[in-house]
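Remarks on the structure that follows.
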Amino acid sequence: CPRCMQCDTKFDFITRKHHCRRCGKCFCDKCCSKKVPLPRMCFVDPVRQCAECALISQKETEFYDKQLKVLMNGATFFVTLGTSDKSELMVCRLSNNQRYLVLDGDSHYEIEIIQISTVQILTEGFTPGGGNTRAIGMVLQYKVPGSEELTQMKFTAGEDFSCNKKLSASWLAAMHKVSK
């Protein structure tokens with residue numbers, strides 16, 4: 001006899017089964033009561049989803065509504081390649097097809113997102129309670145196509161262009177959320 005995938009309740013005339021619109025599994029009303037929009041599957045209005053899928057859908061929606069726009073608009077950083085002591089002022093943004101991190105300055109780099117192995121956000125103002133930190137930069141490690149070695153790139157928000165500092169911090173925060 002069919003049962004709820006979550007709580008193992010037996011389905012009958014009173015306890016009806018419901019399908020999660022994201023994973024398609026069967027649940028009772030209690031275990032599949034969340035209603036969340038699912039635009040990537042063409043459900044614009046909120047639809048029934050199990051708790052696990054509803055959480056994923058909410059995170060996806062937040063990513064598309066918030067982080068993606070910030071990352072595609074870009075921000076300005078001082079970029080240092082490898083162990084060099086020279087940095088270059090560059091605009092860093094996510095490409096339109098969301099496959100590359102594009103850096104433009106005197107030099108031009110396109111780093112394929114799939115080649116990025118680590119993203120470390122640099123912060124300052126750490127307190128023992130964990131409050132009042134702010135993102136001031138980022139260190140990326142990635143593979144250059146055709147090479148097995150990792151290349152490191154450091155991004156630092158500049159101190160001298162205060163109007164862009166907030167934008168840089170927002171971009172770093174979005175990058176941090178996405179890299180989790």
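Note that the structure is predicted; figures quoted are calculated from it, not measured.
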**Request:** May I ask you to decide whether K177 forms a salt bridge with E62, counting only side-chain N to carboxylate O separations under 4.0 Å?
**Result:** yes

**Contact check, side chains of H19 and C26, non-hydrogen atoms, under 4.5 Å** = yes

**Request:** Determine, step by step, whether L81 and T151 satisfy the side chain to side chain contact (heavy atoms under 4.5 Å, CB included) criterion, reporting the C-alpha distance in whole Å, the side-chain angles of both residues, the deciding distance to 0.1 Å, and the verdict.
**Result:** CA-CA 8 Å; L81 190 59; T151 301; 3.9 Å; yes

**Message:** Quick one, F155 and L103 - any side-chain contact, counting heavy atoms below 4.5 Å?
**Reply:** yes

**Item:** Heavy-atom closest pair, residues K30 and S33
**Value:** O-OG, 3.5 Å

**Message:** For the backbone of D8 and the side chain of R3, can you confirm whether one donor and one acceptor N or O come within less than 3.5 Å of each other?
**Reply:** yes

**Message:** Ignoring hydrogens, what is the shortest heavy-atom contact between P37 and V44? Give both atom names and the distance.
**Reply:** CB-O, 3.6 Å

**Asked** Taking NZ, NE, NH1 and NH2 as the nitrogens, is one of them in E112 or R99 under 4.0 Å from a carboxylate oxygen of the other?
**Response** yes

**Prompt:** Does any N or O in the side chain of S117 come within less than 3.5 Å of the main-chain N or O of Q141, such that one atom is a donor and the other an acceptor?
**Reply:** yes

**Message:** Closer than 3.5 angstrom, by distance alone: can the side chain of E88 be matched with the main-chain N or O of D106 as a donor-acceptor pair?
**Reply:** yes

**Asked** Roughly how far, to the nearest 0.5 Å, is CG of L101 from CG of L140?
**Response** 6.0 Å

**Message:** Which residue in the set R48, K35, R16 passes salt bridge (Lys or Arg N to Asp or Glu O under 4.0 Å) when paired with D29?
**Reply:** R48

**Message:** For V36 versus Q49, what's the shortest heavy-atom pair and its separation?
**Reply:** O-NE2, 3.0 Å

